[in-house]
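Here is the structure we will look at, set down as structure tokens.
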Amino acid sequence: MSTGPTTTLTLDVPWEGETVQVANIARQLPQEPTAEQQSAVLSAALSNPGIQLPDGAWAAIARATTHPDALAVQLRPTPSDPTGILMAENVEGATLRSAGTRVLTSELFPGIQPRTGMSVMEVPDPQVQGLTHDGQPSAIVEYRYESFAHLRDHVWQTINSTLSINSYAQSILTRSVTRNLIVHPVRITFEDGTDPVEVLVVRDGITRLASTWSVYAGPGEEPSTVATTATDALLGGISVASVQENGSDLGKRLADSRASWRAKLREEFDAEIKGEVPGPRAAQIFQSYAVPAQIAVGVDGHTGRLLSPEDLFDDAIRSVLASIHVEFRQWDTAAQNVEVITRALKRVIQIGDPRWSTSDLQDVYGLAVGRIPVADLPEVFGSTGRPPGTALWRAVYLVSALTKPDLLEALKDQAKAIKGGKRMAMKAFGGLLGPMIDLPWRSRKSLVTKTARNAWSNGGVLAAVVTGEWDPVPTDDFTTLVEPALLGDVNARCTLAVAGGVALIADKLLTRNVGSSLDAPKEKSGVPFRADTSVVIEGLSREGNELGLWTLATAANTFRADDLPLNSVTRQSLTGRETAESDEKPYAYFQVDLTAEDKIARTADGVPVLLYEWDVVAASDPDRVKKPVVPGPAPATQQAPSSSSNEEGGSDADPDWIPEFEGQFPEDGTPASGAIPPPRTFDTPVPPSQRAAEHRKDLRLHVLAARDAMDRLLALEPEVGEHTPLAPLSTLDDLHKLLLGIQTDVENLRRRTPADDLGEDPYDVVDDEDTYAE
């Protein structure tokens with residue numbers, strides 16, 4: 001430790017196996033703003049004619065700043081500028097006004113991240129609605145959550161998933177956060193009637209915010225633990241039940257709870273900082289207590305702006321974020337696409353073009369961003385026939401609406417303006433639609449989402465006929481559309497093209513095929529010829545192509561939004577054990593046989609033949625296929641495993657089943673009471689060989705329990721959000737080290753054991769060459 005000419009300290013702090021030098025640690029934490037100082041901030045804000053925020057928003061800003069006097073100076077009008085000395089930032093259609101200050105970390109909530117718009121999420125984002133003041137745009141938006149539990153889960157998810165992807169914790173511990181977070185006030189409302197709350201949210205710098213909480217939590221803490229710590233601090237540990245019982249004054253209760261939490265933190269810091277060598281917690285607390293922020297407090301619309309007052313501020317903030325993450329620190333392509341298409345659609349709505357109904361476009365926007373649930377599809381879009389309320393029909397109506405020729409060109413123009421480009425091909429527009437279309441099934445089909453989005457970027461279902469004038473034909477059975485489509489009904493053809501095409505793309509039966517696919521076997525995603533995805537859809541839906549239209553119709557009828565078919569993901573046990581039985585009918589696509597009564601191709605034994613991408617591509621242009629492949633039976637690896645049991649009660653698919661453990665591991669994987677023997681007391685000497693037998697049994701049971709836990713974890717993989725990794729890399733690294741250590745010890749013990757003795761103990765580990773195969 002060293003001290004400089006000021007009162008700051010430099011500390012050497014242990015952090016995850018290293019010693020980190022932390023500089024500029026003061027001997028006291030920033031003071032809480034007093035009631036008088038908060039009143040001064042509010043008074044200065046009210047005297048500024050250029051900024052209009054509700055009192056609740058100013059209260060959130062005033063209690064969060066650690067420099068209330070400096071903030072008040074920025075807000076007060078000056079003789080030369082009636083809007084004060086606020087920072088002005090010009091974006092397309094508006095000017096943002098912001099104040100720079102330092103804010104308490106425990107007063108900042110993580111906001112909506114644009115990159116989550118394309119990600120698989122377990123907890124959905126809240127609905128966002130802009131707010132106005134006296135009819136003028138205001139620098140605040142409303143986040144509408146379903147309930148307080150939804151808010152808590154969303155905060156936890158955002159911090160956990162962010163840290164699972166990246167963390168700046170060590171850098172922040174060393175130097176603190178040095179770059180401003182972009183912050184603005186938000187009014188949080190709840191659909192269940194819970195009292196609204198005004199808070200500050202972070203729109204850019206969420207990784208820095210989450211990493212700051214990681215610094216506070218300490219070295220080695222998993223993202224989930226950090227997320228729980230942060231959520232409890234922000235929401236005061238208030239339970240959902242207490243909110244429902246005491247719904248009034250929720251904002252004040254939460255603010256008081258955070259203030260009480262900081263008071264305890266001060267006590268801990270003061271105890272750590274005393275003495276000649278302050279403890280490491282002093283550095284963690286000081287570096288995570290407050291962060292620099294740029295708080296948006298005002299917005300002015302430019303003359304001739306397209307957007308309505310309630311949409312102006314949110315679009316301006318998103319424009320600032322896009323300028324950072326599209327031009328400099330880029331989001332991935334799908335995140336950029338979602339940001340571009342949703343903003344473009346919102347701008348087109350505000351144009352007020354008489355060629356289309358603004359209210360109808362608002363419904364399309366609501367459906368696109370998830371504000372209108374799939375179940376409401378029949379009521380909202382049922383003016384010309386009630387479509388089924390399914391995810392696939394949502395896709396049909398979205399594609400139909402967004403590809404009307406006039407609207408399509410307007411959307412492309414606005415998308416080009418947002419991206420800064422001069423032209424946009426239809427493939428690029430397909431790429432914009434992909435992450436919007438897959439919203440309802442992202443989590444269940446996350447294993448093939450990337451492949452599907454690549455297919456959309458290759459044109460998707462945007463065949464020439466689809467981008468013309470047509471209307472969906474609602475039906476409960478897509479095969480009823482085949483006959484009118486064969487007779488030239490454009491509406492039927494396009495409905496089949498979009499519904500069947502979306503199904504095939506979503507389930508990896510139609511991809512952006514590449515040159516290597518020509519040489520691959522049929523069962524390994526091989527194709528008979530190369531063609532863009534949209535060209536294949538065009539061929540399948542061609543008037544007169546009976547095989548192609550039936551392929552589209554059966555694919556649309558087969559599609560399920562809650563699972564992946566056998567065709568795209570092989571369910572093969574790597575351990576030789578049976579998979580869990582299910583009464584649900586297997587999900588699989590089958591080839592079309594036009595001569596069969598049910599149009600399903602079967603082998604000589606009557607077994608339905610699985611559909612492959614080869615068959616889909618071939619059906620789009622049968623004349624182009626030079627060497628037809630005779631369909632064969634489905635691979636054995638895709639047959640359902642046998643569920644028969646042997647005479648002793650074990651499964652035929654589980655050669656390692658041991659009768660002694662029958663019933664000790666119920667379905668939830670928790671060992672039954674008494675399954676694992678309690679620690680033995682050794683008051684009476686027990687021979688080491690007997691103690692070894694007990695420990696071997698204990699080892700085996702724990703390994704089996706670990707295997708069951710791993711199976712349950714892997715079973716959750718399709719449901720866990722893509723934005724929230726199944727397991728953080730740090731956790732997997734630690735487990736890997738432990739498992740390698742156990743494997744090494746078992747192998748060393750095995751090699752020291754005489755070969756003749758192997759297998760004598762029923763609990764010993766039996767040699768198996770496959771166990772050690774690379």
Side-chain angles (χ1 to χ4, degrees), residues 1-2 8-30 64-67 100-111 113 115 155-156 158-183 200-234 258 261-262 265-266 268-269 272-273 278-295 324-325 328-329 728-730:
M1 182 191 72
S2 63
T8 60
L9 308 173
T10 298
L11 306 178
D12 292 331
V13 177
W15 186 268
E16 297 183 351
E18 300 181 21
T19 299
V20 178
Q21 189 177 69
V22 182
N24 299 321
I25 304 299
R27 288 194 174 274
Q28 63 180 13
L29 294 174
T65 181
T66 61
H67 295 83
T101 184
R102 289 187 68 83
V103 296
L104 299 166
T105 304
S106 53
E107 290 291 335
L108 293 176
F109 283 66
Q113 305 172 86
R115 60 189 168 93
V155 170
W156 189 95
T158 304
I159 295 176
N160 175 64
S161 58
T162 300
L163 290 177
S164 297
I165 297 171
N166 194 15
S167 176
Y168 308 138
Q170 183 168 320
S171 174
I172 291 174
L173 175 64
T174 305
R175 295 180 293 274
S176 75
V177 176
T178 57
R179 187 161 49 85
N180 285 348
L181 280 62
I182 295 179
V183 175
L200 290 181
V201 301
V202 176
R203 290 295 294 272
D204 182 65
I206 295 178
T207 302
R208 280 168 276 156
L209 176 67
S211 300
T212 301
W213 280 109
S214 184
V215 170
Y216 167 78
E221 292 292 352
E222 289 192 355
S224 58
T225 303
V226 177
T228 300
T229 300
T231 303
D232 287 345
L234 291 170
R258 292 192 294 270
W261 180 83
R262 288 192 296 271
L265 201 61
R266 286 178 174 279
E268 183 181 2
F269 178 82
E272 285 283 313
I273 204 69
R281 280 290 293 164
Q284 293 173 223
I285 294 172
F286 186 86
Q287 299 291 60
S288 61
Y289 193 77
V291 294
Q294 174 184 323
I295 306 177
I324 297 172
H325 292 287
F328 303 107
R329 295 184 302 278
L729 183 60
S730 58

### Query
If you measure from CD1 on Ile172 to OG1 on Thr178, what distance do you get to the nearest 0.5 Å?
8.5 Å

### Val103 versus Ala293, closest heavy-atom pair with distance
CG2-CB, 3.8 Å

#### Entry: Minimum heavy-atom distance between Leu234 and Thr105, given as atom pair plus value
CD2-O, 4.3 Å

#### Entry: Pairwise distance CG(Asn24) to OG1(Thr174) - rounded to 0.5 angstrom
11.5 Å

### Separation between OH of Tyr289 and CZ of Arg266, rounded to the nearest 0.5 Å
3.5 Å

### Message
Nearest 0.5 angstrom please: Arg27 CZ to Phe269 CZ, how far?
### Response
9.0 Å

#### Entry: Heavy-atom pair of closest approach, residues Asp204 and Arg208
OD2-NH2, 3.4 Å

### Message
Applying side-chain hydrogen bond (donor to acceptor under 3.5 Å, both in side chains) to Trp213 and Ser288, what does each step give before you reach the verdict?
### Response
CA-CA 7 Å; Trp213 280 109; Ser288 61; over 6 Å; no

#### Entry: Minimal non-hydrogen separation, Val22 against Ala283, with atom names
CG1-CB, 4.1 Å

### Query
Does a donor on one side chain sit under 3.5 Å from an acceptor on the other, for Thr101 and Thr65?
yes

### Query
Thr66 side chain to Arg102 main-chain N or O, any donor-acceptor pair under 3.5 Å?
yes

### Task
Measure the CD-CD distance between Gln170 and Glu18 for me, rounded to the nearest 0.5 Å.
5.0 Å

### Message
How close do Ser214 and Trp15 get, counting heavy atoms only, and between which atoms?
### Response
O-CH2, 3.8 Å

### Task
Mind running side chain to side chain contact (heavy atoms under 4.5 Å, CB included) on Gln287 and Ile25 for me, showing each step along the way?
CA-CA 8 Å; Gln287 299 291 60; Ile25 304 299; 3.9 Å; yes

### Summary
Of all heavy-atom pairs linking Pro278 and Leu9, the shortest is CG-CD1, 3.8 Å

### Task
Could you note down all residue pairs passing salt bridge (Lys or Arg N to Asp or Glu O under 4.0 Å) where residues 278-289 supplies at least one of them, sequence neighbours left out?
Glu268-Arg281

### Query
Is the side chain of Ser167 donor-acceptor paired with the backbone N or O of Leu163 at a distance under 3.5 Å, no angle test?
no

### Summary
CD1 of Ile159 to OG of Ser211, rounded to nearest 0.5 Å, is 10.5 Å

### Query
Are Arg175 and Ser171 close enough that a side-chain donor and a side-chain acceptor fall under 3.5 Å?
yes

